[in-house]
Amino acid sequence: MSAAQQTIQVGGEWRPAVSGATRDIIDPVDADVFAVVSEGGVADTDDAVAAARAAFDDGVWPRTPVAERAALLRRVAALLERDREKIGALESRDAGKTLEEGRVDVDCVRDAFVYFADLVMNESGGRVVDAGNDEIHSVVVHEPVGVCALITPWNYPLLQASWKIAPALAAGNTFVVKPSEITPLSTVALIGLLMEAGLPQGAANIVTGAGDTVGARLAEHPDVDLVSFTGGLASGTKVARAAADTVKKVALELGGKNPNVVFADACATDEGFDTAVDQALNAAFIHSGQVCSAGSRLIVEESLRERFVAELARRAERIRLGRGTDPGVECGPLVSARQLARTEDYVASALAEGAVLRAGGERPDGPGYFYRPTVLDRCDRRMRVVREEVFGPVLTVETFRTEDEAVTLANDTEYGLAGAVWTADAGRARRVAGRLRHGTIWINDFHPYLPQAEWGGFGKSGTGRELGPTGLAEYREAKHIYQNLAPRPVRWFAG
Ligand code: NAD
């Protein structure tokens, strides 16, 4: 076990928690402690917010020319490339993902920094409004919001942090980030890279610690102007409530219960069938299903069900579990004992409600928080496992007979993050995509996202968007400047 690392940074200085508290970081593969970090509290949070406030109100970052801000973001991207192996391995160990997934995450983080650098460099810098009078000059400009509180989850620790940090900095804000207490290490490393790239002290601060102390304090803090939260529905609603008293801007990226709709015509050829099954596996089981956009609800045309589910179950049973850095391993463990227990509970409740187990449904022998990829057939939308987000390797199967029924099923969720439709009929694909109430729709694909396209949810999957131009706009206030070039009395009042 390593000595305690100082993982709180306030105003450019790394330090331990004011209370001296620490937290063990657990390797989910064997449940061993592999790092010890500072466990911040309210006092650390207040210090970090004060540093971010001073850096915003009196510091240089919000007043730094956009070209220099963009150049800094590009330097961070280059440093991420330099440290790809190191940070990818850290993410793999901390979050229990394969090394290759860890590397891909670092590449995606790099791409987010490059995207937002390019975006701010290509803006016009304000919109002139025609006031209908040559003596009026009217322009709308976009300014940074101020101090941003960025709260992130454990499944994609660095990626989710970068979708907030890169646009927040590109827009000229300062911030305090609070990574998940389970997986803080890669975000700590990223703050180090921001400093190395030359970000002024106080512009980026990090407090490692628990949600109900550090996170809750950030959400309610009067000196925080915006809180951007990614995590579960229960914590997200608490954040929104805590933020309400100070009327700060709130962006929530919450959970999902994402339908993967497969029409029989998509599987008319062997190649089509193989692709749809393969992608359904990937949709549900990558990162052991701990993905907000996991395709955890397979909604398949009734005539195709038996053949599709049999092949899916056969391939699910063959997924190789293990330590993400070991050769040949395809899937890691769940992130924690809690997440494992939650998954077991959902599977037990599904079986009690009449689901039919076709694959998995148990933990393998040995240490760590592993759970076998699980396929539950003959599910229906009244079951808890179909309605609630499991966040584990559990795929439920429902069936439909008509296009209308497929759409009704796919929209019957309180969430609305993402969904997919598989069909060989281009007209049907666009029709169904148009009717699905989810923030991202894939047609004949699952999971890809683009930094230049907005990401976020309908319904209880959240408010606001990350990525794309909207992902930058979240970190800005619009200001209308109306200049009268020839002022004279208006004579509204006669006296
Ligand atoms: P979580 O809600 O338990 O925790 C998320 C973060 O919020 C953590 O940093 C946690 O410490 C903090 N937190 C907890 N309680 C808080 C409170 N009262 N006030 C302020 N902060 C608090 O979520 P998790 O288990 O870490 O992550 C899994 C969830 O995240 C899933 O629901 C998943 O769908 C969601 N998620 C969504 C997206 C998206 O883009 N929509 C992406 C990734 C994950």
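Read the numbers this way: they start at 1 and go in the same order the structure lists the ligands and their atoms.
Of the N and O atoms on the side chains of Glu388 and Tyr346, at least one donor lies less than 3.5 Å from an acceptor on the other residue. Using a 3.5 Å distance cut-off with no hydrogens or angles, the side chains of Trp154 and Asp94 do not pair a donor with an acceptor.
Residues His438 and Asn411 have side chains in contact (heavy-atom distance under 4.5 Å, counting atoms from C-beta outward). For the pair Ile26 and Ser336, the minimum side-chain heavy-atom distance is 4.5 Å or more. Put simply, the side chain of Val335 reaches to within 4.5 Å of the side chain of Gln290, judged on heavy atoms.
Side chain of Asn205 to backbone of Val176: no donor-acceptor contact under 3.5 angstrom is found. With Asn173 contributing its side chain and Val145 its backbone, the two residues share a donor-acceptor pair below 3.5 Å.
Here the options are Lys257, Arg381, Arg297, the test is salt bridge (Lys or Arg N to Asp or Glu O under 4.0 Å), and the partner is Glu398; only Arg297 passes.
Contacts between Thr152 and ligand 1 below 4.0 angstrom, taking non-hydrogen atoms only, involve the backbone exclusively. By the criterion of a heavy-atom distance under 4.0 Å, neither the backbone nor the side chain of Tyr156 is placed next to ligand 1. Using a 4.0 Å cut-off between heavy atoms, Gln160 contacts ligand 1 through its side chain alone, with no backbone atom that close. Contacts with ligand 1 closer than 4.0 Å are made by side-chain heavy atoms of Glu389 only, the backbone lying farther away.
The closest protein non-hydrogen atom to atom 17 (C) of ligand 1 is Gly211 O, 3.4 Å. The shortest contact between atom 10 (C) of ligand 1 and any protein heavy atom is with Glu181 OE1, 3.6 Å.
The nearest non-hydrogen atom to atom 29 (C) of ligand 1, considering only Gly231, Pro153, Pro179, comes from Gly231. The nearest non-hydrogen atom to atom 23 (O) of ligand 1, considering only Gly232, Gly209, Ser180, Gly439, comes from Gly232. Heavy-atom proximity to atom 36 (N) of ligand 1, evaluated over Cys292, Gly256, Pro184, Ala294, is greatest for Cys292. The closest non-hydrogen atom to atom 15 (N) of ligand 1, taken over Ser235, Ala243, Ala418, comes from Ser235.
For ligand 1, the polar-atom distance check finds an N/O of Leu254 within less than 3.5 Å of one of the ligand's N/O atoms. Taking any N or O of Lys238, backbone or side chain, none lies under 3.5 Å from an N or O belonging to ligand 1. Close N/O approach between Thr230 and ligand 1 is not found [any backbone or side-chain N/O within under 3.5 Å]. Of the polar atoms of Trp154, at least one N or O is found under 3.5 Å from an N or O of ligand 1, judged by distance alone. Where the criterion is an N or O separation shorter than 3.5 Å, residue side chain and backbone included, Asn155 fails it with respect to ligand 1.
Heavy-atom contacts from other residues, nucleotides or ligands closer than 6.0 Å to CZ of Arg384 number more than 12.
If you look at Tyr449 and Trp163, their ring centroids are closer than 6.0 Å.
Residue Trp455 has at least one heavy-atom neighbour below 4.0 Å for each of these atoms of ligand 1: 39 (C), 40 (O). Applying the 4.0 Å criterion to heavy atoms of Glu253 picks out, from ligand 1, the atoms 37 (C), 39 (C), 40 (O), 41 (N). Below 4.0 Å from some heavy atom of Gly215 lie the following atoms of ligand 1, by number and element: 19 (N), 20 (C), 21 (N).
Between Gly462 and ligand 1 there is no heavy-atom distance shorter than 4.0 Å.
Ring geometry for Trp442 against Trp455 counts as tilted: the plane angle lies between 30° and 60°, on a 0 to 90° scale.
Within the cation-pi definition used here (under 6.0 Å to the ring centroid, within 45° of the axis), Lys238 does not qualify as a partner of Phe229.
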